[in-house]
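Data block below; observations after.
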2 protein chains.
Amino acid sequence: MGPTHMTKHWGRAVPNAASETLARAAHLYYVLGLTQAEVAKRLSITRFKVHRLLAQARETGMVRIEIDVPFAERLELEAALMERYGLTAAFVCPSDETEDMPLPIVIGQYASGIVNDLLRDGQTVATSWGSTLLALARSIDPGAVQQLSVVSMIGSLSTRSSQDKYEAASVLADRIGAECFYLPGPILCDNVDAKKAIESQPVVQTAMKKAKEADVALLSIGGSEMSSLRLAGVASEADYDSATKAGAIGNFLGRFIGKDGAVIDHPLNALCLGIGPEDIRQIPVRVLCAGGKHKVAAIGAVLRREAATILVTDEDTAKALT
Amino acid sequence: MGPTHMTKHWGRAVPNAASETLARAAHLYYVLGLTQAEVAKRLSITRFKVHRLLAQARETGMVRIEIDVPFAERLELEAALMERYGLTAAFVCPSDETEDMPLPIVIGQYASGIVNDLLRDGQTVATSWGSTLLALARSIDPGAVQQLSVVSMIGSLSTRSSQDKYEAASVLADRIGAECFYLPGPILCDNVDAKKAIESQPVVQTAMKKAKEADVALLSIGGSEMSSLRLAGVASEADYDSATKAGAIGNFLGRFIGKDGAVIDHPLNALCLGIGPEDIRQIPVRVLCAGGKHKVAAIGAVLRREAATILVTDEDTAKALT
DNA sequence: CACCCAGATGCACAAATGTGCAATGTATGA
DNA sequence: TCATACATTGCACATTTGTGCATCTGGGTG
């Protein structure tokens with residue numbers, strides 16, 4: 001930097017002092033890299049004045065900080081989502097869907113990294129299911145945390161066994177070596193009485209209680225088509241049609257929800273086993289992992305209800321949501 | 001800014017973590033304006049790491065600070081001049097010469113503001129003369145300092161009176177209400193004996209001693225043509241021609257100097273009354289005020305000899321000097 | 001001329017940022 | 001395998017920056 005033998009002071013040195021001092025200060029500080037105190041000395045003004053001058057230089061656009069980060073758009077989207085939906089955090093991954101890597105898998109894998117960092121030893125994780133959460137569970141880092149408890153929030157998709165290796169809960173517990181609390185029963189019961197009977201079982205009560213008291217919830221959204229529910233054959237085409245007619249735009253925790261994000265009034269919802277949207281508010285960290293064109297409306301509706309505190313989604317969905 | 005209910009930590013959240021973390025940190029810090037500590041918390045890394053990440057982001061050009069100050073070029077020139085010639089400071093004014101405002105006047109007026117700020121109560125200012133320094137003296141702020149002493153470094157230009165109102169010293173002393181020590185005698189004596197006689201006078205001795213002990217020196221340069229020396233008729237055309245033949249590229253403190261800035265070996269220089277380039281080194285602050293195409297070479301030569309600590313010049317000259 | 005207000009100024013203190021160093025981890029070559 | 005160099009990390013501490021507030025200042029205005 002400049003010469004070293006500097007003892008004297010000088011400063012305002014010209015008729016149109018105001019603007020020249022401003023320019024001089026900005027130049028000394030931002031270009032030559034002097035400290036505010038050094039600038040002050042050279043201009044024989046106080047440090048405070050220099051500080052105010054620099055603020056002015058920034059405000060008037062004389063000095064700009066340009067940033068050109070890769071992923072800039074995604075980061076912007078994250079900030080926008082947080083702002084718009086009052087989220088604690090939002091994560092947006094690229095929307096690079098491929099033949100053997102459909103969007104739910106992409107998002108699930110991306111989310112796994114986030115959840116890895118989120119979890120702490122000894123915590124309880126409540127999870128629902130779906131292809132996204134399954135992908136998440138499959139790529140979770142084993143050994144990232146110890147003493148984890150995993151608990152199902154809703155009944156099983158599989159009609160055969162509650163310990164299905166296609167359910168997020170079991171895969172997650174398996175990989176991470178955690179104890180696992182299942183909800184032994186189907187997601188959709190045959191009738192209201194059957195549901196009541198299952199619900200009243202102590203095991204189910206315990207699991208549901210534990211789920212409600214979890215530290216972290218992993219959530220997803222079933223869209224209006226191709227949901228796991230439909231694919232698993234648990235809900236029929238006719239069921240879906242009638243739900244859609246009744247205003248369903250998606251499926252959240254097994255329940256069909258409407259435009260406003262609320263559970264709609266539909267017979268199928270009465271048969272749904274497990275804790276519902278209204279029960280998860282007390283779980284402090286609720287991570288919603290979902291993306292895809294046909295899920296946008298439902299995601300937006302759920303977020304507007306503040307059902308989630310963290311969102312993990314893809315770029316296209318994020319754009320649609322902001 | 002973001003939501004307020006933030007308790008958890010998270011961070012590296014993606015396969016290509018290295019670059020993504022970098023981008024994330026830069027974005028949080030520079031775009032969203034979080035502090036390094038806040039960024040660290042969100043990314044669950046230490047503040048120090050954030051600091052290093054940001055440094056990297058700056059180095060790799062991911063983040064640029066663009067400044068667009070008016071006068072930017074002039075400020076750059078000042079910095080370049082300081083660097084190049086080891087100056088304590090440099091000031092560059094616009095080269096706006098007009099009909100009734102020739103360059104020396106422009107520079108002199110500009111320099112007056114600088115000298116104003118430079119002077120302290122009770123100091124002694126040694127000055128030479130020339131149109132630039134005269135302009136300086138005429139626009140100095142009266143009352144800016146008290147108890148000043150002004151002293152001539154070299155003999156008078158005017159053949160009539162030593163207290164000429166066209167001499168910088170008297171004008172300066174007058175305007176600022178300072179006591180003034182003249183060098184009673186002509187800048188060029190008739191012969192060596194006359195010079196010796198004048199020099200040996202106590203008044204002259206006193207003045208020269210005081211000049212050498214001054215706090216601030218005001219210096220200028222006579223170019224190869226149209227110098228005050230020539231205009232005043234003190235030096236004849238023939239004198240000038242012979243000096244030029246002997247290698248003179250300008251005039252400094254009444255002496256003809258060569259390409260290297262040294263006083264050349266020429267009879268006229270032996271007749272010059274006043275302290276010379278070699279005597280001013282002990283004056284701590286030496287302000288050279290000069291500009292103009294025909295003075296560039298001389299200014300450069302003088303600066304290379306470190307005869308000045310501060311330079312005041314105009315944009316075109318500054319460009320030629322760097 | 002006294003009064004008041006708005007803006008500028010400086011200061012004490014609080015917050016944020018930067019840095020040298022020692023400890024730790026990690027690759028390299030003998 | 002060990003030793004050696006070399007990079008990474010965190011920390012205590014020093015420096016730099018930011019801020020709320022009391023004070024000053026100048027210049028309308030009744």
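Proteins get letters first, then strands, A, B, ... in listed order; numbering begins at 1 in each.
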Indicate every side-chain donor-acceptor pair of residues 171-179 of chain B with a distance under 3.5 Å to a residue at least two apart or in another chain.
| residue | atom | partner | partner atom | Å |
| --- | --- | --- | --- | --- |
| B/Arg175 | NE | B/Arg138 | O | 3.2 |
| B/Arg175 | NE | B/Ile140 | O | 3.0 |
| B/Arg175 | NH1 | B/Arg138 | O | 3.2 |
| B/Arg175 | NH2 | B/Ile140 | O | 2.8 |
| B/Glu179 | OE2 | B/Ser149 | OG | 3.0 |

Review item, nucleotides 21-23 of chain D N/O atoms under 3.5 Å of protein N/O:
none

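Protein atom CZ of A/Arg47 is 12 Å distant from nucleotide atom P of D/dT19, rounded to whole Å. One can place CD1 of B/Ile45 at 16 Å from C1' of D/dC11, the figure rounded to the nearest angstrom. Rounded to whole Å, atom P of D/dT17 lies 19 Å from atom NZ of A/Lys49. Atom CD of B/Gln36 and atom C1' of D/dT9 are 16 Å apart (whole Å). Following rounding to the nearest Å, A/Tyr29 (OH) and D/dG18 (C1') show an atom-to-atom distance of 10 Å. Atom CD in A/Glu59 sits about 12 Å away from atom P in D/dG18, given to the nearest Å.
Of all heavy-atom pairs spanning A/Ile107 and A/Val312, the tightest one is CG2-O, 3.7 Å. Taking both residues in full, the closest heavy atoms of B/Thr313 and B/Gly291 are given as OG1-CA, 3.6 Å, listed atom of the first, atom of the second, then distance.
Checked against side chain to side chain donor-acceptor pair (under 3.5 Å), B/Gln147 has no partners two or more places apart in sequence or in another chain. Qualifying side chain to side chain contact (heavy atoms under 4.5 Å, CB included) partners for B/Ala80, counting only residues two or more places apart in sequence or in other chains: B/Thr322. When the side chain to side chain donor-acceptor pair (under 3.5 Å) test is applied to A/Arg84, no partner is found at least two apart in sequence or on another chain. Listed by chain and number, the residues in a side chain to side chain donor-acceptor pair (under 3.5 Å) with A/Thr98 are A/Asp100 (sequence neighbours excluded). Residues meeting the side chain to side chain donor-acceptor pair (under 3.5 Å) test with B/Arg52, sequence neighbours left out: none. The salt bridge (charged side-chain N to carboxylate O under 4.0 Å, His left out) check on B/Glu66 picks up A/Arg64, B/Arg64, with sequence neighbours excluded.
You can see that DNA chain C meets the heavy atoms of chain A within a 4.0 Å-exclusive cut from C/dT9 to C/dA12, reading 5' to 3'.
Note on B/Thr46: every side-chain N or O is 4.0 Å or more away from OP1 and OP2 of D/dT9. A sub-4.0 Å separation between OP1 or OP2 of D/dG18 and a side-chain N or O of A/His51 is present.
With the nearest nucleotide of DNA chain D identified for both A/Glu38 and B/Phe48, B/Phe48 has the one nearer the 5' end.
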